[in-house]
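See below for the structure under consideration.
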Protein chains: 2
Amino acid sequence: MSITIYDLAKKLNYSPSTISRALNNHKSIGKKTTLNIQKAAKEMGYKPNTQAASLRSKQSKTIGILISRINRPFVSTLISGIEDAARKSGYNVLISQSNDHYKDEITNANTLLQSRVSGLIVSLSMETKNTDHFKEFTDQGIPVVFVDRVPLSFNSYKVIIDNYNSAFQATQHLIEQGCKRIAHFAGSQHLNVYNQRRSGYLDALKHHNIPIDKELIINLKSLSFEEGKIATEKLLKLPLPPDGIFSANDTAALSAITYLKEQQIRIPEDIAIIGFNDDPIASIIEPSLSTVSHPAYKMGELSFQRILEHTTDRTIAGVSEIFVLDTSIIIRKSSKRY
Amino acid sequence: MSITIYDLAKKLNYSPSTISRALNNHKSIGKKTTLNIQKAAKEMGYKPNTQAASLRSKQSKTIGILISRINRPFVSTLISGIEDAARKSGYNVLISQSNDHYKDEITNANTLLQSRVSGLIVSLSMETKNTDHFKEFTDQGIPVVFVDRVPLSFNSYKVIIDNYNSAFQATQHLIEQGCKRIAHFAGSQHLNVYNQRRSGYLDALKHHNIPIDKELIINLKSLSFEEGKIATEKLLKLPLPPDGIFSANDTAALSAITYLKEQQIRIPEDIAIIGFNDDPIASIIEPSLSTVSHPAYKMGELSFQRILEHTTDRTIAGVSEIFVLDTSIIIRKSSKRY
DNA sequence: TAAATTTACGCAATCGATTGTTTTTTTTAA
DNA sequence: TTAAAAAAAACAATCGATTGCGTAAATTTA
């Protein structure tokens, strides 16, 4: 059916091994021979059988992505960045979603391991507290890059943003706009991203000598639109409602905006709001949502670069590096009082 | 390193072929033997080498997805549906994006072909007019499922919505709300989706004896936010501006809403608007956007089902079927006058 | 010109599973 | 009890590329 190196070998009167080496630019094959073989291969429409190659060489030119849900602005943009970068380097991308379940994350990790991916890019599920299921990868020398939602302890590559500092800035911004009682929608605290955003929030308050009121910190499991509404309702019922909200994501912040508008509460005059992520919707909603911009696409590209460098330069096996990307605070109407 | 059927064979005193057949529940192996082997395999932590299996059997348990851009609500939800369904059936998902370029679509299609995917799910790029690059798949008996943006001529599976009828309904809805001059943001006409939405729009006008004014039909290349604004500006400058807009997607419709609000034009009183897709943002923007809901996730699941059925039931090779899924018109504030 | 290198290429095993064919074992029928 | 039929398992080739090792040819050195 499709043509193999054996067909080429017969046609050109070389041995299959020479064909193979020539196609891979092996130095032990003469230049002319190499060029001839490559030309002939192209002419005859030779397409390497990647299964055979990876069976023998135990390398797959495929990387695995393991994320919570494709179907979210940050994640899909991240994947887009990974895919574009991988494609450029001739890598395929296997994708799998945990739907934020720990169990599915384990299952999918194992499947990807079986697929002999040559690298894995992971953003942890909401439920994940233990990351032992990734040890098998590093044990086998397969690089694992954690992105955004990363474990604290696991020794590996990590591509993140400075959640603490971003949150600090965001909170400080609200303070600068005159907010005295700033609420915080916090996410699952075992995840680095939400934990650090909370820390940044707390420290910004401290730094500006604003007392911390635990009633103003609302812990939300998934930071969904529904939860955002419930949280906002709760805040409004307080004896002393807040005059600012820093939400750990945009979804909950948008929900707050929607609900507050229904309740005829002015934004940002009565309550100023800032979110996190810069989802597309943030700039369109009225009032537009101030937020922290996450370089999702770039994080994807960079994650792939790490894997590529790791696989080309085997000397760096076992290295653990943390890459922190810049965010930017985007001030829009929802928090701009002056 | 990892354990193989040969290890199992040695351990259990069977031949590798028996091991292989037992693991695949082949009927020529006795029940007890099969069970014993499977139990032992599990105990010893046997993981099949999929590369080896697919090299030999020429089947990969991997399907390919070829879409324009991951990073869009409809597409990412579609993928999510495919991935969930595929995972359930033990399939892997290879993903690639054309970024709406014809050339990249061809390149990626070839890469996926080389990866020996056992099925391909495609949503065409904006630029694609010729679909010969998919013939190789069907020639090799690999099922191709086109989703949403499908070619007219290619003989294959297609999973679509009734664009014509949805557009007809959407336009009719505007008419029922009293609109007399309804504009249309049309997309690239060589794509079925936009072409048929335009037809539905035109026929709805005809059906209600509303004259067709070509000035009100704005052709947009990508239906982006920017283009939506430009189109809206153009419409407002007309001697007789429209009193309704049916946009072929939500992005452009949202842009129109944003711009019209800036211009102090009332929605829906002065201009009623309806979009297409039901992007998450549609329900959140103020006024909320009426639109046509697209069952993206379901389309993904169904697409995978087609592939699965095709690969399990080889008798249906070469079959071409078109599956039309239901949409629903979602009426929100942007078009509700009464 | 012979010996020593270097360069270019071929041989053959190998990766781990699948599968058509054959052999052995068991069951059934006569 | 024995032949025939059916069931269970083994043999061995195969998928298509990679790669360590060996050898012939070309080049350099003495």
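Hydrogens, waters and symmetry mates are skipped; everything else that's a heavy atom, side chains included, is used. Below, read A as the first sequence line, B as the second, and so on, with proteins coming before strands; counting in each chain starts at 1.
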Q. Given B:Asn99 and A:Asp84, is the side chain to side chain contact (heavy atoms under 4.5 Å, CB included) satisfied, shown in steps?
A. CA-CA 9 Å; B:Asn99 286 309; A:Asp84 282 345; 3.1 Å; yes

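In this structure, B:Lys158 contributes its side chain and B:Leu152 its backbone to a donor-acceptor pair below 3.5 Å. No donor-acceptor distance shorter than 3.5 angstrom exists from the side chain of B:Asn108 to the backbone of B:Ile65, with no hydrogens or angles considered.
Reading DNA chain C from its 5' end, the first and the last nucleotide to sit under 4.0 Å from a heavy atom of chain A are C:dA8 to C:dG16.
A close approach under 4.0 Å does occur between a side-chain nitrogen or oxygen of B:Thr18 and OP1 or OP2 of D:dA10. Here A:Ser20 does not reach the OP1 or OP2 of D:dT19: none of its side-chain N or O atoms lies under 4.0 Å away.
We find that CG of B:Asn25 is positioned 14 Å from P of D:dA9, with the value rounded to whole Å. If you measure from atom NZ of B:Lys10 to atom P of D:dA10, you get 15 Å, rounded to the nearest angstrom. Distance, B:Asn13 CG to D:dA10 P: 8 Å, rounded to whole Å. Spacing between atom CG of A:Asn24 and atom P of D:dG20 amounts to 13 Å, rounded to whole angstrom units.
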Hey, can you pull the donor-acceptor pairs under 3.5 Å for the side chains in residues 29-47 of chain B, sequence neighbours left out?
| unit_1 | atom_1 | unit_2 | atom_2 | d |
| --- | --- | --- | --- | --- |
| B:Thr34 | OG1 | B:Gly30 | O | 2.8 |
| B:Gln38 | NE2 | B:Ala22 | O | 3.0 |
| B:Gln38 | NE2 | B:Asn25 | OD1 | 2.9 |

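Residue B:Tyr6 is classed as a base contact, given a heavy-atom separation below 4.0 Å to a base.
In this structure, B:Lys61 places its NZ atom where more than 12 heavy-atom neighbours from other residues, nucleotides or ligands lie under 6.0 Å away.
Side chains of B:Ser80 and A:Gln97: a donor on one and an acceptor on the other come within 3.5 Å. Under 3.5 Å, the side chains of A:Ser188 and A:His190 contain no donor-acceptor pair of N or O atoms.
In this pair, B:Tyr157 and B:Phe323 present their aromatic rings parallel. The plane angle is below 30°, not in the 30 to 60° band.
Overall bending of the helix from C:dT1-D:dA30 to C:dA30-D:dT1, expressed as the angle between end axes built from five pairs apiece, is 40° (10° steps).
For the pair B:Lys27 and B:Arg56, nearest-nucleotide mapping onto DNA chain D gives the more 5' position to B:Lys27.
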